[in-house]
Asks: 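Got a structure for you, questions after.
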Amino acid sequence: MQRIIVVLGFSMLLLLNSCGSDSSSESIPPPPSKEKVSVPKFERDSALAYVARQVEFGPRVPNTEGHRQTKAWLVEQLERFGAKVIAQDFEAKAYTGEVLQSTNIIAQFNPGAQKRILLAAHWDTRPFADSPISEERRDEPILGADDGGSGVGVLLEVARQLQANPIEMGVDIVLFDAEDFGESGGETPDTYALGSQYWSRNPHVTGAQKPKYGILLDMVGAKGARFPKEYFSMQYAPQVVNKVWALAQNMGYSNYFVNQQGGAITDDHYYVNTIARIPMIDIINRAQGTQTGFGEHWHTHNDDLDIIDKRTLRAVGQVVLAVVYREANGEF
């Protein structure tokens, strides 16, 4: 009996050692850590050139030749940068009754990725110069170097950097159309931002590919620009606002990204927040001491290339690049 117990005990010992050996040999190694991509340098001269090229087309008002030529150029540029480009054509009825032949231009980087963020700006320009602080050529369309051109110029340079410094995360760049054909002083702000209203009801991605959050750029190129924390951005995406502003200030751009509350602007981000239900913030220049609350060039013929400061473009563009690459690296 003792001999049987000894033999059984010895067998159990062998079995345990064998199991331990098998477990060790079949253990699954941890997955390799994903290589992080450094934040690239935002080239301000490149962004300025993209703004200047838009201005060369003249006003980009829907139903005009300048608008059609700019659309073709934007699609071509984004395709050159390696994006999958979607031209989302739609008809929008303006408050005047005119039907606007419009296009939201969508550029997807890594279209198959589920983790995504959204970057946006509007590419059309104001059809008339109706600022209350200027009487000059009020019935003529404006060039919109800042109001329209600057945000697009920054995002084109971001797109170029995404091609040169690829990441695995998905990035959707949406250039909204028909943003600036609204009724000044109208009873409802819904006459503005017709492109973002259409896109928010007809997004190009849904479900698991829905962007985690978005950043809208509007009037981000003028000398002395000042970006407070816009009201609706704080209502719908306060964490994103605070993280972006803290990052910008740590990067040395506190003179642009001021730690102050701004007023409410019914901009494209409002409809992305309320219709598409994607948290989106608005980086928008709010001037102090002006009648309109915007820069004195707003909705005037002074909104030309002379108003653009490439240092402002660099500040905004470098912050946006830092957000994108830090998010891709899991650091934002």
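Since the model is a prediction, treat every value here as computed from it, not as a measurement. As a basis for the values below, the full set of heavy atoms in this structure was taken, side chains included, without hydrogen atoms, waters or symmetry mates.
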Asks: Atom OG in S134, atom CG in D303: separation rounded to 0.5 Å?
Replies: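 Separation between the atoms: 11.5 Å.
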
Asks: Evaluate the criterion side chain to side chain contact (heavy atoms under 4.5 Å, CB included) for residue pair L155 and Y50; output intermediate values, then yes/no.
Replies: CA-CA 9 Å; L155 293 184; Y50 295 137; over 6 Å; no

Asks: Are any side-chain N or O atoms of S150 and backbone N or O atoms of V220, one a donor and one an acceptor, separated by less than 3.5 Å?
Replies: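 Looks like yes, one N/O pair under 3.5 Å.
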
Asks: Taking the basic N atoms (NZ, or NE/NH1/NH2) and the acidic carboxylate oxygens, is any pair closer than 4.0 Å for K212 and E327?
Replies: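 Result for this pair is yes, salt bridge flagged.
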
Asks: What residues join Y198 in its hydrophobic cluster, counting side-chain heavy atom gaps under 4.5 Å, either direct or through other members?
Replies: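 The other cluster members (ILVMFWY side chains, heavy atoms under 4.5 Å, direct or chained) are F90.
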
Asks: Donor-acceptor pair, distance only, cut-off 3.5 Å: does the side chain of T191 make one with the backbone of E183?
Replies: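 At least one qualifying donor-acceptor pair exists.
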
Asks: Quick check: does any side chain N or O of Q54 sit under 3.5 Å from a backbone N or O of G149, one acting as donor and the other as acceptor?
Replies: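 A pair under 3.5 Å: yes.
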
Asks: Quick one: hydrophobic cluster around M280, which other residues, with the 4.5 Å side-chain cut-off, linked directly or via members?
Replies: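 For the cluster that includes M280, the remaining residues are I86, I106, L118, V174, F176, W199, L216, V272, I278.
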
Asks: Taking only residues two or more places apart in sequence, or in another chain, which ones meet R311 in a side chain to side chain contact (heavy atoms under 4.5 Å, CB included)?
Replies: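 With sequence neighbours excluded, R311 shows a side chain to side chain contact (heavy atoms under 4.5 Å, CB included) to R44, Y256, D309, given in chain and number order.
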
Asks: For the residue pair S196 and D268, what are the closest heavy atoms and their distance?
Replies: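 That would be OG-OD1, 2.6 Å.
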
Asks: Is the side chain of R286 donor-acceptor paired with the backbone N or O of F294 at a distance under 3.5 Å, no angle test?
Replies: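 No: the side chain of R286 does not pair with the backbone of F294.
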
Asks: Do D130 and R138 meet the salt-bridge criterion of a basic N to acidic O distance under 4.0 Å?
Replies: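 No.
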
Asks: Quick check against the 3.5 Å criterion: does S102 have a side-chain atom that pairs as donor or acceptor with the backbone of L100?
Replies: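 Between the backbone of L100 and the side chain of S102 there is a qualifying donor-acceptor contact (under 3.5 Å).
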
Asks: Under the side-chain hydrogen bond (donor to acceptor under 3.5 Å, both in side chains) rule, collect the residues that match up with Y271, sequence neighbours excluded.
Replies: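 Y271: side-chain hydrogen bond (donor to acceptor under 3.5 Å, both in side chains) contacts with D190.
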
Asks: For T96, which residues count as a side chain to side chain contact (heavy atoms under 4.5 Å, CB included) partner, sequence neighbours excluded?
Replies: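 So T96 forms a side chain to side chain contact (heavy atoms under 4.5 Å, CB included) with A94, E98, F181.
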
Asks: Is D45 paired with K310 through a side-chain N to carboxylate O contact shorter than 4.0 Å?
Replies: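 Result for this pair is yes, salt bridge flagged.
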
Asks: Cut-off 3.5 Å, side chains only: do D124 and H122 have a donor facing an acceptor?
Replies: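 Note: D124 and H122 side chains meet the donor-acceptor criterion.
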
Asks: Applying ring-ring contact (aromatic ring centres under 6.0 Å, His included) as the test, list every pair that has at least one member in residues 211-233; sequence neighbours left out.
Replies: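 For residues 211-233: F227-F257, F232-Y270.
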
Asks: Can any side-chain N or O of R126 pair as donor or acceptor with the backbone N or O of G148 at less than 3.5 Å?
Replies: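 No: the side chain of R126 does not pair with the backbone of G148.
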
Asks: Any ion pair linking E79 and K84 (charged N to carboxylate O, less than 4.0 Å)?
Replies: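 Judged by the 4.0 Å cut-off on N to carboxylate O distance, K84 and E79 do not form a salt bridge.
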
